[in-house]
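Quick notes on the structure that follows.
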Amino acid sequence: MTTLLAVLAVGNLITSIAPNYPLILGTRLIMGFASGVFWAIGVSMAMRIVPEKHANRAAAVVMSGISIATVVGIPLGTLLESASDWRTTFLIWAGLSALVFLAVAFTIPSLPSANAVSVREIFGLPVKNVPLRVVLVMVVFFVLGHFGAYTFVRPYLEDSTSATVGFITVVLIVFGIGGSIGNFIGGQTVNKSLRGSFIVGGLILIAALVMLLAIGTNDIGVIAAMILWGLAFGVVQLSQINMTLSAAPETFEAAMSLNTMAYNTCIALGALIGGLFADHVGVSSVIWFGIVLVALAVILRAATGRRTTPAS
């Protein structure tokens, strides 16, 4: 974790002083690699630090970080850039990253991997473990659908409501707040029904997308739909991580690396496919794309019953 944070701090520093675009691009690619590694180990670390009965809440706290970052990070970055320039903004991020590096180095206990496996074994896990394979397919459907639609929120609102930049910023903040609340709601509901949390969260997300299509020309309707979308996303996000844990409890860290790889790949693919739909069919079709893919994830979860233990 400290190594990853060092990459983050140095990467932001290099970005702030880079003399050309290729160096910036190369630096951001390396930082993206570090980000992927973080998501593969960050949640499992949090769940191991606390007593087992609080593991789900610990995961909720960690996952809420991305929602809080959505609420605070992007508007704060924009504010800093407008007050100074983009290089100064990245220099400030480098300093903040260095502070977090020190905090982790001095406060987080040593956590050697409890279930390390070889790379060959990692890619063999879905072959041997049917429930894990099902979870990964659900993650693919859900992430493709969610990010395929979410990536195009701004052009959709600009096209349907002629939304201003200020209103879109408010909408994204509202979504982030909803996601944070959804994470903590999920921290409570997954203990009662992990399968039910995913299904209900997915259905609410679908309802939010339908609402966006139906009343997306009304500002209040848009805000209501985005709050609902954020809440649902937070619940489903936490549910799919706990489903990964349930499907592969003995190899959770390895399973999370597969989860992270599928997740990040599908973020990119969702944006790509969504872009093709937006270009050739219209931006509203991207929302329908999200509805269909999330629905497939919900149907798969409902059809696979309650089985979550690894196949023998």
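We number each residue from 1, following the sequence as shown. Values below: every heavy atom of this structure, side chains too, minus hydrogens, waters and symmetry copies.
Ring pair Phe147/Tyr150 is perpendicular by interplanar angle, where above 60° counts as perpendicular and below 30° as parallel. Ring geometry for Phe142 against His146 counts as parallel: the plane angle stays under 30°, on a 0 to 90° scale with 60° as the upper cut.
Within the 3.5 Å criterion, the main-chain N or O of Val235 finds a donor-acceptor partner in the side chain of Ser239. A donor-acceptor contact shorter than 3.5 Å links the side chain of Arg195 to the backbone of Ala302. Between the Arg133 side chain and the Val127 main chain, a donor and an acceptor come within less than 3.5 Å of each other. When atom types are taken as modelled, the side chain of Asp159 and the backbone of Pro155 share no donor-acceptor pair closer than 3.5 angstrom. With hydrogens and angles disregarded, a donor-acceptor distance shorter than 3.5 Å links the side chain of Thr244 to the backbone of Gln240. Between the Ser16 side chain and the Leu13 main chain, a donor and an acceptor come within less than 3.5 Å of each other.
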**Asked** Taking it one step at a time, do Leu157 and Val171 satisfy side-chain contact (heavy atoms from CB on, under 4.5 Å)?
**Response** CA-CA 10 Å; Leu157 293 179; Val171 165; 4.1 Å; yes
**Request:** Give the intermediate values and the outcome of side-chain contact (heavy atoms from CB on, under 4.5 Å) for residues Phe152 and Phe277.
**Result:** CA-CA 11 Å; Phe152 294 90; Phe277 271 99; over 6 Å; no
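Side-chain contacts under 4.5 Å among hydrophobic residues (ILVMFWY), followed directly or transitively, place Leu276 with no other residue at all.
To the nearest 0.5 Å, atoms CD1 (Ile299) and CE (Met138) are separated by 12.5 Å. Here the straight-line distance linking atom CD1 of Ile17 with atom CZ of Phe90 works out to 13.0 Å at 0.5 Å rounding. Between Asn242 atom CG and Ser197 atom OG the span is 9.0 Å, to the nearest 0.5 Å. Note that OH of Tyr156 is 9.5 Å distant from CG of Leu209, once rounded to the nearest 0.5 Å. Taken from CG in Leu194 to CE in Met243, the straight-line distance is 6.0 Å, to the nearest 0.5 Å. Atom CG in Leu132 sits 11.0 Å away from atom CG in Leu245 (nearest 0.5 Å).
Between Ala149 and Val286, the shortest heavy-atom contact is CA-CG1, 3.7 Å.
Leu212 has its side chain within reach of Trp229: a pair of non-hydrogen atoms, C-beta onward, lies under 4.5 Å apart. Side chains of Met256 and Ile241 form a contact here, defined as non-hydrogen atoms less than 4.5 Å apart.
Around the CD1 atom of Ile220, the shell of radius 6.0 Å holds no more than 12 heavy atoms that belong to other residues, nucleotides or ligands.
The only option from Leu272, Thr265, Leu269 that meets the side chain to side chain contact (heavy atoms under 4.5 Å, CB included) definition with Leu144 turns out to be Leu269. Checking Leu4, Thr3, Thr260 one by one against Val37, the side chain to side chain contact (heavy atoms under 4.5 Å, CB included) holds for a single residue, Leu4.
Asn183 and Ser180 are not linked by any side-chain donor-acceptor pair at a separation below 3.5 angstrom, with hydrogens and angles left out of the test.
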